[in-house]
There are 2 protein chains.
Amino acid sequence: MPHTGKPENQPRPTPTVEDYLMTMYVMERDYGEIIAARLAEMLNVAPATVAMTFRRMERDQWLTGKGRHGVHLTETGRAAASSVIRRHMLTEWLLVKVLKVPIHKTHDEAHNIEHAISPELEERMRESLGDPQVCPHGNPFPGAEEVTRGWVPLTEVPVGEKVVVRRIHEFAENSPELLTFLVEQGILPGSQTEVIETLPFNQTLTIRLGEKQVTLGYPAARFLFVERAVSA
Amino acid sequence: MPHTGKPENQPRPTPTVEDYLMTMYVMERDYGEIIAARLAEMLNVAPATVAMTFRRMERDQWLTGKGRHGVHLTETGRAAASSVIRRHMLTEWLLVKVLKVPIHKTHDEAHNIEHAISPELEERMRESLGDPQVCPHGNPFPGAEEVTRGWVPLTEVPVGEKVVVRRIHEFAENSPELLTFLVEQGILPGSQTEVIETLPFNQTLTIRLGEKQVTLGYPAARFLFVERAVSA
DNA sequence: TCCAAAAATTAGCCTGCGCTAACCTTAAAT
DNA sequence: ATTTAAGGTTAGCGCAGGCTAATTTTTGGA
Ligand SMILES: [Mn+2]
Ligand SMILES: [Mn+2]
Ligand SMILES: [Mn+2]
Ligand SMILES: [Mn+2]
């Protein structure tokens, strides 16, 4: 099991740059491109701020290129992104397992703490927490993406099929309201459910959890990944 | 048991100011005055930087007064200092108990993490860790100073008396070398020892730990507080 | 093909928090 | 009493990382 055998001798980026890097990593992985305007929304800064930060990041070799489709992380940038994502996820597990923090509250807390974890501490955490492959929301550690093979967005599940929720996407974690809603409805990794109706013209679908029914908009449903064909 | 029933509605200071506050709190408590030059040494910044930071801190009502004996924390300042000290100490315990980090490494790690702990998390930590009254080095939580009553500096123990090490002072924690040395020699809270010789003209004293003897300079020895009269 | 909307950039501003160099002030020590 | 050392302050600088306002570039749709 390769942990990307990190040399990691480059100096660590500032917390701000670490936050840019981790968001850009996921953007590039799941959307194929990095759009500064989206980044600005997700990081809650003005577009102009992103432009300026990109300049410093290019100077410091975390990224290359400019403009619409031109921005990409360098190898060093990707390594730094992987590092902070690992620290984020390990912190989330520590909060969940040791301090019993509910999973709709771990993300924000972890976003502050992640920048303060030393490499030695990261290693101690990984050992204490049993070398997890996904975060408490089911998102894969960098390098462990294979474990999510076979998990599909809830929007692609045919009506009537029973599935198990496995993953709430990183970008859904950014919305505490959505996350709280999902947790309150009992929609979290491990939950069994079944799609009972889809209304494409309405961009909604309805699922059953036990006795309860919940209607979700497509954008939210696309953030939920489920495992199909649970039983043989 | 009063936790200083914190209203704590003031916005939290920046990490830099939090570090100033916690050091100033201990200075005022144990030395009676705040000397900017000492602060500069302990925080590893230039004296001019302290002067400028003091200005902002006065503007923001964390402190009042200027000059040699004039600087004091406000009530708000003391409350903010207490808050970050609590977070620091709880973080140290988490590192020690959950992640098995040795106590000569907890301080530096905690100094980064302490600024990233939310009030809710602080509360979860206190519960999980059993509401401790002292940090792993034996320093008291703000408000719990009474537990250190009866602990005296090692320099005040007469030759021949058996004592138990209870506390390594906050300001010794700032020196990783000293802390590592002490831990390697087995000098840590709980250790039994005996003063076997004092050489005041040499500013050293020698203690026995099991079979081993260790000679300490007075400045280091003054940072060690011990419990006398252990047995009746 | 052209145009409007979306995205990106530049200019100019601000604060926090570092630094050095120079200069005061205060407190000891001779 | 005077001098020296310790402590403190001011001035002037730099960088990170925010902002708004104005402008330019891209791009997808009519
Ligand atoms: Mn973060
Ligand atoms: Mn997560
Ligand atoms: Mn700190
Ligand atoms: Mn401590």
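The chains referred to below are lettered A, B, ... by the order of the sequence lines, with proteins before strands, and numbering in each begins at 1.
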Of the nucleotides [options], which one has an atom closest to the side chain of [X]?
| X | options | result |
| --- | --- | --- |
| B:Val45 | D:dG7, C:dT10, C:dC19 | C:dC19 |
| B:Arg38 | D:dG7, D:dG17, C:dT10 | D:dG7 |
| B:Ala48 | C:dA8, C:dT9, D:dT10 | D:dT10 |
| B:His69 | C:dA27, D:dT20, D:dT10 | C:dA27 |

Atom-pair distance (CZ on A:Arg59; C1' on D:dA16), nearest Å: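 Roughly 9 Å, once rounded to whole Å.
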Can you measure A:Asp19 atom CG to D:dG17 atom C1' for me and round it to whole angstrom units? 12 Å
Across the strands shown, which category fits [X] at heavy-atom distances under 4.0 angstrom: base, sugar-phosphate, nothing?
| X | value |
| --- | --- |
| A:Ala37 | sugar-phosphate |
| B:Thr14 | sugar-phosphate |
| B:Thr49 | base |

Does the ring centre of A:His137 sit less than 6.0 Å away from the ring centre of A:His169?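 That pair fails the under 6.0 Å test.
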Salt-bridge test for A:Arg126 and A:Glu123: reply yes if a basic N is under 4.0 Å from a carboxylate O, no otherwise. yes
May I ask you to decide whether A:Arg124 forms a salt bridge with B:Glu109, counting only side-chain N to carboxylate O separations under 4.0 Å?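 A salt bridge is absent here (no side-chain N lies under 4.0 Å from a carboxylate O).
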Are OP1 or OP2 of C:dC17 and a side-chain N or O of B:Thr53 less than 4.0 angstrom apart?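 So the side-chain polar atoms of B:Thr53 never come under 4.0 Å of the phosphate oxygens OP1 or OP2 of C:dC17.
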If each of B:Pro47 and A:Pro47 is mapped to the nucleotide of DNA chain D with the nearest heavy atom, which maps nearer the 5' terminus, i.e. the 5' end?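 Going by which nucleotide is closer to the 5' end, it is B:Pro47.
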Looking only at the side chains, is there a donor atom on one of A:Ser82 and A:Arg78 sitting less than 3.5 Å from an acceptor on the other?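 Per modelled atom types, A:Ser82 and A:Arg78 side chains form no pair under 3.5 Å.
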